[in-house]
Amino acid sequence: MTVSPDLDRRFRDAATTLGLIDVGFDVVDSPIGDLFVAASDRGLATISFDPDPEGKLEQLARIAGPRVLRSSRSVDLARRELDEYFQRRRKSFDLTVDLRGLPPFTVTVLEQLARVPYGETTTYGDLARRVGHPRAARAVGTVMNRNRIPIVLPCHRVVGSTGDLTGYAGGLDVKQTLLELEGAR
Amino acid sequence: MMQTVAIPPFERFYEEYRAEVLRLLRRKLGADRAEDAFQETFLRALRAYPRLDHGEHLRAWVLTIAQNVAVDTLRRARPTGELPDQGAKDAEPAYAELAELTDGLGAKERAAVVLRYGYDLSYEQIASALGSSPDAARQAASTGVRRIRRRISS
């Protein structure tokens, strides 16, 4: 006997509305492909260019608690803001982010990253200077590389000192697309 | 250090047991009432989930919750408070070892005894399955054991 989609959705909605989940996730479609999106009561916890939940649920449980549940409703806010961003109707995100479990240096770098304005680019070295560690460009690169919340924390706006795109978790073509969307290139 | 089974993310737990829970509830309540009871079962499980201290016996745990939700549903439907037959024929195979011993106990006492002594769950966990306090769970288990002792010795 299978659980009908309607009954399944009602349970997931009720669980979310009653505040009984630690983190909810769903797949959100976008012009750059399906995104895996997860949010806790503290804010957006994950955006991944790989929509497959496999392997991500355990990681979310470690960050936010074991009540990890697929729930369309829990990512409604993120879905709306991402839609607006991709339609060029939003230049900055109002979403809060959940950075639990990250080392202090990473959090500091991500906080500086969040201040890089829409449509502009900066370099790894510049970001390193802004966090007071001018020689830590490589470490900043690692933080960008492992950024749990790309797009919203705009690591696509960070490029090499010669202007090369250098790298991106979603692929260089996605980085290029996002910068073009913002009118940076 | 003893290795314990990790608690899975709730999504995996839900996907693994939802069909079986719905089957049990349909058998006990019929298709219509089973839907609300299904939702209630997994909401109760969600409420209790952060208090679990290991991931063992989750099947027995969630089926006990479902069983209790079914009993509550039937009790609400019967103004006299008469309980449905909780005979051993309804027991899930996992309960089988203790079924004979616990036959004749009330639903809560039986669940408490089985979860405590059959599955080695803590009173916290039993309380969450029964929707009661740890003290009440301890009380139910000890009353149950006392009754069994009395029956065996008589």
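No experiment lies behind these values; they were computed from the predicted model shown.
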task = With K56(A) as the cation and F25(A) as the aromatic partner, state whether NZ or CZ is under 6.0 Å from the six-membered ring centre and within 45° of the axis.
result =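 No, K56(A) does not lie over the aromatic ring of F25(A).
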key: Option in L57(A), L60(A), I21(A), L7(A) with maximal non-hydrogen atom pairs under 4.5 Å from chain B   =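 That would be L7(A).
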inquiry  = If we define contacts as heavy-atom pairs under 4.5 Å, which of R67(A), R12(A), R10(A) has the most with chain B?
reply    = R67(A)
query = Are E182(A) and Y85(A) close enough that a side-chain donor and a side-chain acceptor fall under 3.5 Å?
reply = yes
request  = Please check if any side-chain donor atom of D50(A) sits under 3.5 Å from a side-chain acceptor atom of S48(A), or the reverse.
outcome  =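 D50(A) vs S48(A): no donor-acceptor pair found between side chains.
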note = Bottom line for F38(B): the part with an atom under 4.5 Å from chain A's heavy atoms is side chain
request  = For the residue pair Y14(B) and F42(B), categorise the inter-ring angle as parallel (less than 30°), tilted (30 to 60°) or perpendicular (more than 60°).
outcome  =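 Correct class here is perpendicular.
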key: Under 4.5 Å from a heavy atom of chain B, the part of L18(A) involved   =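 Side chain only.
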key: Proximity breakdown for D22(A) and chain B, heavy-atom pairs closer than 4.5 Å   = neither
request  = Between chain A and each of E15(B), E40(B), Q39(B), R47(B), count heavy-atom pairs under 4.5 Å; write down the option with the most.
outcome  = Q39(B)
request  = Can you see which heavy atom on A78(A) is nearest to which on L44(A), and at what distance?
outcome  = CB-CD1, 3.9 Å
